[in-house]
Number of protein chains: 2
Amino acid sequence: MTPHSAPTGHPDPALALLPMAGTPRVRSDAARNRDALLCTAARMVAEEGASAVTMDRLAAEACVGKGTIFRRFGNRAGLMAAVLDGSEAEFQARVMRGEPPLGPGAPPYERLIAFGVARFQESVQRIDLLEAAGGGRSHAAYSFGLLHVRHLLAELGVEGDLPLLAAAVLAPLEVPLLRAQLEVQHLPLERLTAAWIDVASRVVGVSPTR
Amino acid sequence: MTPHSAPTGHPDPALALLPMAGTPRVRSDAARNRDALLCTAARMVAEEGASAVTMDRLAAEACVGKGTIFRRFGNRAGLMAAVLDGSEAEFQARVMRGEPPLGPGAPPYERLIAFGVARFQESVQRIDLLEAAGGGRSHAAYSFGLLHVRHLLAELGVEGDLPLLAAAVLAPLEVPLLRAQLEVQHLPLERLTAAWIDVASRVVGVSPTR
DNA sequence: TTGCATTCCGGACCATAGTCCGCATCACGC
DNA sequence: GCGTGATGCGGACTATGGTCCGGAATGCAA
């Protein structure tokens, strides 16, 4: 059982970097159960798909009570988002410290396009898990993408309401729309990607490359 | 009990305009039950909100069996989408035959902006019902908006993959994103609208008006 | 009107998400 | 070690979406 990398126990992971005065430590059984749940859930998703992970089965296979799952993750969507955060960390590392053009070093426009393309691919790959997570990522994962795009837009000299422009640029990558276009309309991913590059180029005000 | 305006009985409303040869007429009890369900559901939504409409309660109040609801509408989301289609018809009438700038007569750019603004307002107004409908509208309602925007983009001389450009322009209006921005980030609707106008203007290649 | 084939109805039944509280387990101070 | 208060555990329980099939209502033809 490989321990999971997500922070343990605190309501807001961003505040969990240091144990704060007055905040008692996370109990060891809580941490152990959390890791067991995430590992078991990830394995079940990999083996049988997200829809096969019922809360009862997960509780049984992880040898914990059902209430423990809901205490830790709130609901099924929260659990799936936490499972997603495992691979999300690796994605973020590729963006922050990886090779250009996704990582630092490339010009901002190339990084923006690379980010969109990578997000498309990653979303398609995990689309069933993303849907089980309620059609979205964890708040942390979504905010990361938003901040990154906003930063790139600023570097590109885009004027306007950058937080909302970034959200609008990312909106066509959202899972419900993606699923409808891929599975109902049967559009090829390349076409979706090309159209997104077109839109992103129009928003930043350059003519699309490639 | 006012009869509901949605078409009755056929799987695909678009094909229900004429009774086709070989397709038997809709049975009168089926039509009656369908109307009763839609009226009762609309009333319950208006009085108590969408979340108060459970399938058991709806069946009891409409004096039909639960199975009947699922036969007609497939699932809860389908039912809510059908309820939404009642007001959606009025919205479509405003777009197709109403006053400019939403209706015909205004230049295409003004019509596009008016459409987005109207969709924002209408979505905010019915956001709980839209969420109960699974975060989206019926296929018919969504396709209508898509076709309208695509038509306006064509009139504006926009080049590119118009169906997907239209989808991208409409993506920031989708309910999950809208809800996150309004209720989690507490952004004012005016700011969302202004940012959308900015994005739409960039896509069509004009400087934003007002 | 009556008989017949078709379609639809209805509510018992199932699966699963989410709640609750008595009780076990833990961390800490002595 | 050991007592003690706090914290978390766990599984029985509830609520609700969705399924299924025996039987009734319907429409058509004679």
Side-chain angles (χ1 to χ4, degrees), chain A residues 8-11 16 19-38 40-41 44-45 48-83 131-135, chain B residues 8-11 16 19-38 40-41 44-45 48-83 131-135:
Chain A
T8 297
H10 276 274
M20 294 193 306
T23 304
R25 284 241 302 280
V26 179
R27 275 174 50 164
S28 62
D29 52 350
R32 181 170 15 94
N33 281 333
R34 186 196 156 92
D35 285 347
L37 283 169
L38 282 174
T40 307
M44 290 174 74
V45 167
E48 307 173 72
S51 60
V53 182
T54 68
M55 308 310 259
D56 281 337
R57 278 195 60 201
L58 174 60
E61 297 216 11
C63 300
V64 301
K66 205 163 127 179
T68 305
I69 306 177
F70 286 93
R71 159 143 344 84
R72 282 281 153 265
F73 303 105
N75 54 29
R76 185 183 154 84
L79 168 74
M80 294 301 181
V83 172
E131 293 224 309
Chain B
T8 297
H10 276 275
M20 296 192 305
T23 305
R25 283 243 303 280
V26 180
R27 274 175 49 164
S28 62
D29 53 349
R32 182 168 16 94
N33 282 333
R34 187 196 156 94
D35 286 347
L37 283 168
L38 283 174
T40 307
M44 290 173 76
V45 167
E48 308 173 72
S51 61
V53 182
T54 68
M55 309 309 259
D56 282 337
R57 278 196 60 201
L58 175 60
E61 297 217 11
C63 302
V64 302
K66 202 162 130 180
T68 306
I69 306 177
F70 286 93
R71 165 183 328 279
R72 282 279 154 266
F73 303 105
N75 54 28
R76 184 184 155 83
L79 167 74
M80 294 302 180
V83 173
E131 294 225 307

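Order of the sequence lines sets the chain letters (A, B, ...), proteins ahead of strands, with each chain counted from 1. On a predicted model such as this, the values are computed, not experimentally measured, just so you know.
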Using whole Å, what does the distance between atom [atom2] of nucleotide [N] and atom [atom1] of [X] come to?
X      : N       : atom1 : atom2 : value
K66(A) : dG18(C) : NZ    : C1'   : 7 Å
R34(A) : dG10(D) : CZ    : P     : 16 Å
N75(B) : dT16(D) : CG    : P     : 17 Å
N33(B) : dT7(C)  : CG    : P     : 17 Å
R76(A) : dG17(D) : CZ    : C1'   : 14 Å
D35(A) : dC9(D)  : CG    : P     : 12 Å

What's the shortest heavy-atom distance between [X] and [Y], and which atoms?
X       : Y       : result
A132(B) : R76(B)  : CB-NH2, 3.8 Å
M44(A)  : A52(A)  : CE-O, 4.2 Å
M55(B)  : N75(B)  : CE-C, 4.3 Å
A41(B)  : L58(B)  : N-CD1, 3.7 Å
A81(B)  : A133(B) : N-CB, 3.9 Å
T40(B)  : A62(B)  : OG1-CB, 3.7 Å

Can you work out whether V53(A) or T68(A) has the more 5'-proximal nearest nucleotide on DNA chain C?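 The residue closer to the strand's 5' end, by nearest nucleotide, is V53(A).
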Please determine, for the side chain of [X], which listed nucleotide ([options]) has the closest atom?
X      : options                   : answer
F70(B) : dC21(C), dG17(D), dC13(D) : dG17(D)
R71(A) : dG11(D), dC9(C), dG8(D)   : dG8(D)
R72(B) : dC8(C), dT19(C), dG17(D)  : dC8(C)

Worksheet item: Would you say F73(A) and V83(A) make side-chain contact, with heavy atoms under 4.5 Å?
Response: no
For nucleotides 23-26 of chain D, print each protein N/O atom paired with a nucleotide N/O atom at under 3.5 Å, atom names and distance only.
{"unit_1": "dA25(D)", "atom_1": "N3", "unit_2": "R27(B)", "atom_2": "NH1", "d": "3.4"}
{"unit_1": "dA25(D)", "atom_1": "N3", "unit_2": "R27(B)", "atom_2": "NH2", "d": "3.1"}
{"unit_1": "dT26(D)", "atom_1": "OP1", "unit_2": "R32(B)", "atom_2": "NH2", "d": "3.4"}
{"unit_1": "dT26(D)", "atom_1": "O4'", "unit_2": "R27(B)", "atom_2": "NH2", "d": "3.4"}

So, with a heavy-atom separation below 4.0 Å from DNA chain C, the residues of residues 54-64 of chain B are V64(B)
